[in-house]
Amino acid sequence: MRILQILTRKLSSSQIRSCIFPSLSSTLSHRQLHSSSNPASSFGIAFDIDGVLLRGSVPIGGSPPALKRLYDDSGTLKVPYVFLTNGGGVPESKRAKELGRLLDVNILRLQVIQGHTPFKQLKRRFENEVVVAVGKGEPAEVMSEYGFKNVLSIDEYASYFDNIDPLEQYKNWTDKQDGNLNSKSKHVALSNDPCSQRVEAVFVVSDSVDWSRDIQVLCDILRTGGLPGKEIAHQPPLFFASDDLAYQALFPSERLGMGAFRIALESVFNAIHPAALKYTSYGKPNPFVFKNAETVLMHVLQSCHNNHQVNGKKQFFKTLYMIGDNPSVDIKGARQAGIPWFSILTRTGVFKGKENHDVFPADLVVDTVEEAVDYILSKEGIS
């Protein structure tokens, strides 16, 4: 797996090192929690979503009551937390509303960090360029909200080319393209036919819905320098929101994720193109994602406590808890990020083992997210 670690070179060694402490108990690994005299501002929590809080759109593991414990009786947030997920496909504002409805708590847009959230940092580079957004949900809407002015979903882009998808006549969901075409003016400001304009970058925002068409069209774009049907040319930049091979959904066994789609695209591209596919992947377990989550958690803390500072000094977190279900993504990422991260692995998603994971052991293994929150609040001295 060739995941390019975005911006991690900018992190100092002290920011990414891990630290070993004596064992806490039979269910804990070697790192120890920090105590705090000001618990509400010295720690924060990052929750994965799929397999931890939800399975599909169904709450699991006692997630609604667990989250409500992070608020006071008036509904004000007393413990800073974020949702740190490799999923996505809709704008953070819309995801916050959806999560709030499903989990029965008030959630700020700021608290939602999705796999594609870092794409907003590429706005200056591609703001006025033609870019294609791939995936389920509303990929063009996501990129448009980030400030990209000439975004086409792959559904819409493919619709401009006759016969680009040789299997289109056998597919029964072509009506979705009509809906995307109706929203064209909202996401693009093109004066010419998109067929004649070079695609300067491709963003895989969420899981591909139509692998056969998307692999075909992406190979056309990437092999020709962004001009399908033209001669072979330099590959435009390609960005993936995450690289998860699998994730836990409603079906009992795991479902293939964006990482699987990347493997399929890369295999085909490398078989038909003289140069290997170049790409950049974001998402967990990239240490940059955890560093960014720490920054966001500080903003959440400040928004909830009116920029509160202790003794006039800037606040910092002594412990940040990552609660996830995927050892190779959530736990690996937290361990790579090092202090102050503390990893908690639940058994409600990808991981279902009785003992800790052999390759990426968590600091604590629990059955559910409710049990994880119980542990955190008890350790931090919050009732």
Side-chain angles (χ1 to χ4, degrees), residues 88-89 116 119 126 128-144 148-241 256-279:
H116 49 68
F119 286 172
F126 298 107
N128 296 304
E129 307 293 346
V130 177
V131 301
V132 169
V134 181
K136 67 180 182 182
E138 305 167 357
E141 177 70 20
V142 167
M143 300 302 290
S144 179
F148 294 79
K149 296 179 179 177
N150 290 299
V151 187
L152 291 166
S153 71
I154 197 165
D155 291 341
E156 184 178 354
Y157 185 75
S159 72
Y160 285 103
F161 294 84
D162 293 335
N163 304 314
I164 196 169
D165 178 10
L167 302 178
E168 181 180 1
Q169 61 180 311
Y170 302 104
K171 298 173 181 177
N172 299 321
W173 59 86
T174 54
D175 58 333
K176 71 177 181 180
Q177 293 185 358
D178 295 334
N180 288 328
L181 286 172
N182 291 335
S183 62
K184 170 186 173 183
S185 60
K186 187 174 181 180
H187 308 307
V188 299
L190 302 179
S191 57
N192 299 319
D193 182 357
C195 298
S196 64
Q197 298 200 51
R198 187 182 302 276
V199 174
E200 297 293 345
V202 174
F203 294 86
V204 183
V205 174
S206 52
D207 291 326
S208 166
V209 175
D210 186 349
W211 280 35
S212 67
R213 183 206 60 187
D214 290 356
I215 289 175
Q216 177 67 74
V217 175
L218 290 181
C219 283
D220 289 334
I221 293 172
L222 298 171
R223 296 184 69 218
T224 61
L227 293 169
K230 305 298 182 182
E231 297 179 355
I232 300 299
H234 183 70
Q235 179 201 316
L238 170 63
F239 302 95
F240 289 90
L256 297 178
M258 191 179 296
F261 175 75
R262 191 267 303 163
I263 291 171
L265 172 62
E266 186 175 19
S267 297
V268 173
F269 184 90
N270 290 349
I272 63 176
H273 193 68
L277 182 69
K278 297 179 181 179
Y279 62 90

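When reading the values below, keep in mind they use all heavy atoms of this one structure, side chains included, and skip hydrogens, waters and symmetry mates. On a predicted model such as this, the values are computed, not experimentally measured, just so you know. Positions are given from 1 along the sequence.
Using a distance-only test at 3.5 Å, with no hydrogens or angles considered, no donor-acceptor pair links the side chain of Ser153 to the main chain of Pro139. No donor-acceptor distance shorter than 3.5 angstrom exists from the side chain of Arg213 to the backbone of Ala158, with no hydrogens or angles considered. Formation of a donor-acceptor pair under 3.5 Å by the Ser144 side chain with backbone atoms of Glu141 is not found in this model. Asn270 contributes a side-chain N or O that, together with a main-chain N or O of Leu277, makes up a donor-acceptor pair within less than 3.5 Å. Put simply, the side chain of His116 never gets that close to the backbone of Ser206: no donor and acceptor are under 3.5 Å apart.
When the salt bridge (Lys or Arg N to Asp or Glu O under 4.0 Å) test is applied to Asp165, the partners found at least two apart in sequence or on another chain are Lys171. The salt bridge (Lys or Arg N to Asp or Glu O under 4.0 Å) check on Glu129 picks up nothing, with sequence neighbours excluded. Scanning for ring pair (Phe, Tyr, Trp, His ring centres under 6.0 Å) contacts around His273 gives Phe269, with sequence neighbours left out. Ser208 meets the side-chain hydrogen bond (donor to acceptor under 3.5 Å, both in side chains) test with Asp214; sequence neighbours excluded. For Phe119, the ring pair (Phe, Tyr, Trp, His ring centres under 6.0 Å) partners at least two apart in sequence or on another chain are Phe203, Tyr282.
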Val202 and Tyr157: CA distance, side-chain angles, deciding distance, side chain to side chain contact (heavy atoms under 4.5 Å, CB included) verdict
CA-CA 11 Å; Val202 174; Tyr157 185 75; over 6 Å; no
Given side chain to side chain contact (heavy atoms under 4.5 Å, CB included), test Phe126 with Asn150 step by step and report yes or no.
CA-CA 9 Å; Phe126 298 107; Asn150 290 299; over 6 Å; no
In a table with atom names and distances, give each donor-acceptor pair under 3.5 Å that connects a side chain of residues 228-238 to protein atoms at least two apart or in another chain.
{"from": "Gln235", "atom 1": "OE1", "to": "Lys278", "atom 2": "N", "distance (Å)": "3.1"}
{"from": "Gln235", "atom 1": "NE2", "to": "Lys278", "atom 2": "O", "distance (Å)": "2.6"}

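In summary, the aromatic rings of Phe240 and Tyr279 are positioned with their centroids under 6.0 Å apart.
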